[in-house]
Number of protein chains: 2
Amino acid sequence: MNHPLREHIEKVIPLRDEEFKLILGHFSTKKFKKHQFLIQEGEPAKYNFFVLSGLLKLVFTESSGKQHIVAFAMEDWWESDFFAWYTGAPATMSLECLEDTEVLCITLDDYHALCNSLQKIERFFLEKSIFGFVSAQRRILAMLTSSAQERYERLLKQYPSLVQRVPKTQLAAFLGVSRETLSRFSG
Amino acid sequence: MNHPLREHIEKVIPLRDEEFKLILGHFSTKKFKKHQFLIQEGEPAKYNFFVLSGLLKLVFTESSGKQHIVAFAMEDWWESDFFAWYTGAPATMSLECLEDTEVLCITLDDYHALCNSLQKIERFFLEKSIFGFVSAQRRILAMLTSSAQERYERLLKQYPSLVQRVPKTQLAAFLGVSRETLSRFSG
DNA sequence: CGGCTGATGTGACCTGCATCACAAAATAAT
DNA sequence: ATTATTTTGTGATGCAGGTCACATCAGCCG
């Protein structure tokens, strides 16, 4: 068995075949087309998503209509409005496809059921969560220490494939720069 | 038994007396004076800390000497260089006292031992970690959407007691503004 | 094919905030 | 108390990056 989710989890904890089967049983699969929404601001965020293929953006929209990209999610990334998903509150952000995308979906109930039937998976989620926190903190630090241009160059180095796939308008909304200014970097 | 750590954990999961005793047995207590370091950049981050009293700052120092405050930690907050603590890598940030401070300390080994002997504590740490991630993401969003003055006013509303206890020089280093500019807000 | 929508580049101009400089309070140290 | 040391305020000046405006170019769909 050679499932992307299994490989992903086994980087942290080993799994026997029937354990992975149990895990997979708690997920459903969905496909979305470019421009479709997986989560809509204001509505409940029913699922936490694991990206099998494609590309998503987690977006906050100001009342003025200006968009800010909180995160991208590519293959092997987890994404949701985690606060909304975990607490049941209405989502404050939208999750939208930048490409046709296939995901695994898990509800909070199924997630808790899974943790109860396979204790050790909790360690996996905990580690994901810690590293998610760490990388958010690093992004904060980058915003405190670096200029827009430095942040752009760092993004280029760290996620060159992302920069290929995403229009610069969107990168600008992620970096916190205007698209005009971003366009003036690098030529 | 009426321990601040117990009350803190019981907001998430209920504990029997002997369970809390088991938990507490994995921590040690330490006291530090103002200006002392709990973690030094470049050295290993041996402990994760739970603040019983006092006030800490998690600081990144640029090669120029300029300081950036990644986080504050008051009573009932957990703080460490989490990446360094979790992976064993040398710390990239320092943790320093802004006031005389008393903390509970736990090593990574004791943490794992604790999780093994009391499975349900893992759910507590997972929830802490998720909410830590969520609030880091909110801070990123605030940096994307708001001006320095708006961020300062939001801080005033959300943590008025913190603003009382911390000199504005430090608040500026947290908000990502120069102290001069911060001083010109509000009068 | 031809019309549309969104992505990108570039100029002109404006503004929020940094930086430098100096002074006055307020705390801490001896 | 009396030095130090840190904190805070305020002016003057400069720059990174925002905003507006317009032009080009690519991809998409009837």
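FYI, side chains are in, hydrogens and waters are out, and symmetry mates aren't considered; it's all heavy atoms of this structure. Residue numbering restarts at 1 for every chain, and letters A, B, ... go by the order of the sequence lines.
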Output the rounded distance in Å from [atom1] ([X]) to [atom2] ([N]).
X         : N       : atom1 : atom2 : value
Phe185(B) : dG16(C) : CZ    : P     : 10 Å
Arg184(A) : dG11(C) : CZ    : C1'   : 7 Å
Leu171(A) : dG17(D) : CG    : P     : 16 Å
Gln164(B) : dT8(D)  : CD    : P     : 12 Å
Glu96(A)  : dG6(C)  : CD    : P     : 12 Å
Glu99(A)  : dG6(C)  : CD    : C1'   : 16 Å

Residues forming a side-chain hydrogen bond (donor to acceptor under 3.5 Å, both in side chains) with [X], sequence neighbours excluded:
X         : answer
Glu99(B)  : Arg165(B)
Gln164(A) : none
Glu127(A) : Tyr86(B)

(request) Quick one: which residue pairs count as a side chain to side chain donor-acceptor pair (under 3.5 Å) with a foot in residues 104-115 of chain A, not counting sequence neighbours? (result)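 Listed once each, the pairs are Thr107(A)-Asp110(A).
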
(request) Report yes or no: is the cationic atom of Arg138(A) (NZ for Lys, CZ for Arg) under 6.0 Å from the centre of the six-membered ring of Phe83(B), at an angle within 45° of the ring normal? (result) yes

(request) Please lay out, stage by stage, how Gln67(A) and Lys57(A) fare under the test side-chain contact (heavy atoms from CB on, under 4.5 Å). (result) CA-CA 11 Å; Gln67(A) 295 211 107; Lys57(A) 64 172 176 180; 3.7 Å; yes

(request) Taking only heavy atoms on the protein side, list every residue of residues 172-182 of chain A lying under 4.0 Å from any atom of DNA chain D, sorted numerically. (result) Gly176(A), Val177(A), Ser178(A), Glu180(A), Thr181(A)

(message) Using a 4.0 Å cut-off on heavy atoms, which residues in residues 147-159 of chain A reach DNA chain D? List them by number, or say none.
(response) Ser147(A), Ala148(A)

(message) Counting only side-chain nitrogens and oxygens, does Thr169(B) get under 4.0 Å of the OP1 or OP2 atom of dT6(D)?
(response)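 No, no such contact exists.
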
(message) It should be established whether Lys66(A) places a side-chain nitrogen or oxygen under 4.0 Å from OP1 or OP2 of nucleotide dG18(D).
(response)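 No, no such contact exists.
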
Check nucleotides 25-30 of chain C for protein N or O atoms closer than 3.5 Å to its own N or O atoms and list the pairs.
none

(request) Give the angle between the helix axes at the two ends of the helix from dC1(C)-dG30(D) to dT30(C)-dA1(D), taking five base pairs at each end and rounding to 10°. (result) 50°

Got a list of side-chain donor-acceptor pairs under 3.5 Å for residues 24-36 of chain B, not counting sequence neighbours?
unit_1	atom_1	unit_2	atom_2	d
His26(B)	ND1	Leu22(B)	O	2.8
Gln36(B)	OE1	Lys33(B)	N	2.6

Below 3.5 Å, can you tabulate the donor-acceptor pairs from side chains in residues 139-149 of chain A to any protein atom, sequence neighbours excluded?
unit_1	atom_1	unit_2	atom_2	d
Arg139(A)	NH1	Val70(A)	O	2.6
Arg139(A)	NH2	Phe174(A)	O	3.2
Thr145(A)	OG1	Leu141(A)	O	2.9
Ser146(A)	OG	Ala142(A)	O	3.2
Ser146(A)	OG	Arg154(A)	NH2	2.9
Ser147(A)	OG	Glu150(A)	N	3.3
Ser147(A)	OG	Glu150(A)	OE1	3.4
Gln149(A)	NE2	Glu153(A)	OE2	3.3

Cut-off 3.5 Å, no hydrogens considered: what does the side-chain donor-acceptor table look like for residues 44-52 of chain A, sequence neighbours left out?
none

(message) Tell me every residue that passes side-chain contact (heavy atoms from CB on, under 4.5 Å) with Glu7(A), counting only those two or more places apart in sequence or in another chain.
(response) Asn2(A)

(request) Let me see the working for Glu19(B) and Leu118(B) under side-chain contact (heavy atoms from CB on, under 4.5 Å), right down to the final yes or no. (result) CA-CA 8 Å; Glu19(B) 287 174 334; Leu118(B) 187 69; 3.9 Å; yes

(request) Taking atom types as modelled, find out whether Trp77(B) and His8(B) have a side-chain donor-acceptor pair closer than 3.5 angstrom. (result) no

(message) What verdict does the side-chain contact (heavy atoms from CB on, under 4.5 Å) test give for Leu98(B) and Leu56(B), after you've listed the backbone C-alpha separation in whole Å, the side-chain angles of each residue and the deciding distance to 0.1 Å?
(response) CA-CA 5 Å; Leu98(B) 290 173; Leu56(B) 304 171; over 6 Å; no

